[in-house]
Amino acid sequence: MKLTQENTPDSAKIFAFTPRDFARVRALIYRQAGISLAESKQEMVYSRLARRLRAKGLNSFEEYLDGLESGRDSDEWEAFTNALTTNLTSFFREAHHFPILAEHARRVKKPLTIWCSASSTGEEPYSIAMTLCEAFNSLTPPVSIVATDIDTNVLETGATGVYTADRLDKMPKERARRFFLKGKGSKLGMVRVRPELRQLITFKTLNLLAGSWPVSGPFDVIFCRNVMIYFDKPTQSKILSRFVPLLKPDGLLFAGHSENFMYLSDALKLRGKTVYELDPRVVRTGNGA
């Protein structure tokens, strides 16, 4: 999940968008999803949410935000959250993690359970699945992967497993041939993940700020990459404290390249480049994050 800046010239704005409106949006998305919007995101917020106003036939941000807060349109919360998150991902992003995953998978007791906690449009969980198929030299490895995201739109893409062929441009041709089917006719220029890979993954909606999560551990591996940077420190610490009991004693937690969990939890220790494991001294004494 990534938030990006979008510039909308003032002359092109058809809705008034006051500092108070922006402050309300910031408070609402923080309460709903834990996302801390920077002051610099005002233009992006206008651009994204103006589409929602047009779609609903509303005349002002005040009217739109009043509707959200009143609870009259509960489905709009989902659209509101989806609108303010952009999912930037690719197959085998941060490639140094996947050999570590393969080595860990071959070493631990089977079957493996893995949680990809910010799966976006599916490239990350499918990269995990491909890695494990290669590690065990089988399209049906002893693996169960749960892939979650707060954005329902991207989850649908992930579950379908259909992508434009150019998404595979940087992938070795042998790997692409093994794990993807080329589209024909009206699907020319598209590829689809092989059904064996899709059967390894269960896609679910999950908000990391929710009181309960529709996943149950313990997991051998948790991927939480490039999402914590959008939360403030207290929220990051709270989420990490909930990850800790969901990891097996020898489990691994993979973070994004710009994320550092060392100062957020004393239950985790750095194993390698943005790869964490439980600190047995802390976990043994029951002193978590």
Side-chain angles (χ1 to χ4, degrees), residues 1-8 41 43-44 47-48 51 79 81-102 114 116-135 137-141 143 145-205 223-227 229-230 254-259 273-274:
M1 176 182 70
K2 183 177 176 62
L3 301 177
T4 58
Q5 183 71 45
E6 294 181 9
N7 294 320
T8 304
K41 301 298 183 182
E43 294 298 332
M44 180 275 287
S47 177
R48 301 291 181 80
R51 300 169 194 168
T81 304
N82 290 352
L84 293 179
T85 56
T86 297
N87 294 271
L88 177 64
T89 187
S90 61
F91 290 105
F92 293 94
R93 186 183 183 191
E94 300 187 43
H96 63 280
H97 281 159
F98 295 98
I100 298 171
L101 171 65
I114 298 174
C116 178
S117 66
S119 65
S120 186
T121 46
E123 287 90 334
E124 181 166 283
Y126 285 126
S127 298
I128 293 169
M130 285 184 271
T131 297
L132 298 173
C133 285
E134 292 171 348
N137 194 28
S138 170
L139 287 175
T140 57
V143 174
I145 303 168
V146 59
T148 65
D149 202 281
I150 193 173
D151 188 330
T152 54
N153 294 330
V154 299
L155 284 172
E156 184 177 351
T157 299
T160 303
V162 175
Y163 303 93
T164 57
D166 60 6
R167 302 292 287 168
L168 309 186
D169 284 350
K170 296 182 180 180
M171 187 179 295
K173 288 183 170 52
E174 181 180 349
R175 178 178 279 167
R177 283 195 298 267
R178 183 178 184 185
F179 295 115
F180 292 87
L181 304 173
K182 288 185 177 181
K184 298 178 181 179
S186 63
K187 300 296 184 182
L188 193 65
M190 307 294 290
V191 294
R192 185 167 193 164
V193 178
R194 289 187 64 97
E196 294 91 340
L197 258 67
R198 285 187 282 123
Q199 290 170 9
L200 297 175
I201 305 171
T202 301
F203 288 89
K204 293 182 178 182
T205 305
F223 273 73
C224 186
R225 306 195 304 174
N226 305 305
V227 62
I229 54 175
Y230 301 111
F254 290 84
H257 68 278
S258 60
E259 296 168 323
K273 187 179 179 182
T274 57

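We number each residue from 1, following the sequence as shown. All figures in this text were calculated on a predicted structure; none of them were measured in a lab.
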**Q** Phe179: what forms a ring-ring contact (aromatic ring centres under 6.0 Å, His included) with it, not counting sequence neighbours?
**A**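 Testing Phe179 for ring-ring contact (aromatic ring centres under 6.0 Å, His included), a comparison that skips the adjacent residues, returns none.
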**Q** How would you list, by chain and number, every residue that makes a side-chain contact (heavy atoms from CB on, under 4.5 Å) with Ala102, sequence neighbours excluded?
**A**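 Counting only residues at least two positions away or on another chain, Ala102 forms a side-chain contact (heavy atoms from CB on, under 4.5 Å) with Arg106, Thr131, Ala135.
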**Q** Just jot down the side-chain contact (heavy atoms from CB on, under 4.5 Å) partners of Thr81, sequence neighbours excluded, or say none.
**A**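 So Thr81 forms a side-chain contact (heavy atoms from CB on, under 4.5 Å) with Ile29, Gln32, Ala33, Ile150.
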**Q** For Ser120, does its backbone N or O pair with a side-chain atom of Asp149 as donor and acceptor, under 3.5 Å?
**A**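 Indeed, once roles are kept as given, a pair shorter than 3.5 Å links the two residues.
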**Q** State which residues pass side-chain contact (heavy atoms from CB on, under 4.5 Å) with Thr152; sequence neighbours excluded, sorted by chain then number.
**A**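 Scan of Thr152 (side-chain contact (heavy atoms from CB on, under 4.5 Å), adjacent residues dropped) gives Glu78, Asn82, Thr205.
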**Q** Can you pull out every salt bridge (Lys or Arg N to Asp or Glu O under 4.0 Å) where at least one residue sits in residues 179-204? Sequence neighbours excluded, please.
**A**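 As it turns out, the salt bridge (Lys or Arg N to Asp or Glu O under 4.0 Å) pairs with a partner in residues 179-204, which skip direct neighbours, are Arg194-Glu196.
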**Q** Under the ring-ring contact (aromatic ring centres under 6.0 Å, His included) rule, collect the residues that match up with Phe223, sequence neighbours excluded.
**A**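 Phe254.
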**Q** Give me the atom names and distance for the closest heavy-atom approach of Ile201 to Ala147.
**A**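 Answer, listing the atom of Ile201 first, then Ala147: CG2-CB, 3.8 Å.
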**Q** With side-chain hydrogen bond (donor to acceptor under 3.5 Å, both in side chains) as the rule and sequence neighbours excluded, what pairs involving residues 165-179 come up?
**A**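 Those involving residues 165-179 are Glu123-Arg167, Glu134-Arg175, Thr164-Asp166.
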**Q** How far does CG of Leu84 sit from CZ of Arg48, to the nearest 0.5 angstrom?
**A**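 Answer for the CG-CZ pair, Leu84 versus Arg48, is 7.5 Å.
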**Q** Apply side-chain contact (heavy atoms from CB on, under 4.5 Å) to Ala159 and list each qualifying residue two or more places apart in sequence or on a separate chain.
**A**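 Listed in chain order: Phe203.
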**Q** Which residues satisfy the side chain to side chain donor-acceptor pair (under 3.5 Å) test with Ser138, sequence neighbours excluded?
**A**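 Side chain to side chain donor-acceptor pair (under 3.5 Å) check on Ser138 returns Thr140.
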**Q** Do Val154 and Thr89 come close enough that some side-chain heavy atom pair is under 4.5 Å?
**A**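 The answer is no, as the side chains (C-beta and beyond) never meet within the 4.5 Å cut-off.
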**Q** Identify the heavy atoms of Leu181 and Pro195 that sit nearest to each other, and give their distance.
**A**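 Scanning both residues, the minimum pair turns out to be CD1-CD, 4.3 Å.
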**Q** What I'd like to find out is whether the side chain of Leu132 reaches to under 4.5 Å of the side chain of Leu200, using heavy atoms alone.
**A**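 No - every pair of side-chain heavy atoms lies 4.5 Å or more apart.
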**Q** Looking only at heavy atoms, what is the nearest atom pair of Leu197 and Tyr126, with distance?
**A**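 Taking Leu197 first and Tyr126 second, the nearest heavy atoms are CD2-O, 4.1 Å.
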**Q** With a 6.0 Å cut-off on the ring centroids, do Tyr163 and Phe180 count as close?
**A**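 No: the rings miss the under 6.0 Å criterion.
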**Q** Going by side chain to side chain donor-acceptor pair (under 3.5 Å), name the residues that satisfy it together with His96, two or more places apart in sequence or in a different chain.
**A**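 Side chain to side chain donor-acceptor pair (under 3.5 Å) check on His96 returns nothing, list empty.
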**Q** Quickly, which of His257, Glu94, Glu124 forms a side chain to side chain donor-acceptor pair (under 3.5 Å) with Arg225? Name it, please.
**A**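 Exactly one pass, corresponding to Glu124.
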**Q** Quick one: closest heavy-atom pair of Leu155 and Ser119, and the distance?
**A**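 Smallest interatomic distance, heavy atoms only, reads CD2-OG, 3.6 Å.
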**Q** Find out whether His97 and Thr274 are in side-chain contact, i.e. whether some heavy atom of one side chain is under 4.5 Å from a heavy atom of the other.
**A**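 Sidechains of Thr274 and His97: in contact.
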**Q** Ignoring hydrogens, what is the shortest heavy-atom contact between Phe91 and Leu168? Give both atom names and the distance.
**A**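 Smallest interatomic distance, heavy atoms only, reads CE1-CD2, 3.7 Å.
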**Q** Using modelled atom types only, decide if a donor and an acceptor are shared between the side chain of Thr148 and the backbone of Ser117 within a distance under 3.5 Å.
**A**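 A pair under 3.5 Å: yes.
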**Q** Minimum heavy-atom separation for Ile145 to Pro125, with atom names?
**A**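 Of all heavy-atom pairs spanning Ile145 and Pro125, the closest is CD1-O, 4.2 Å.
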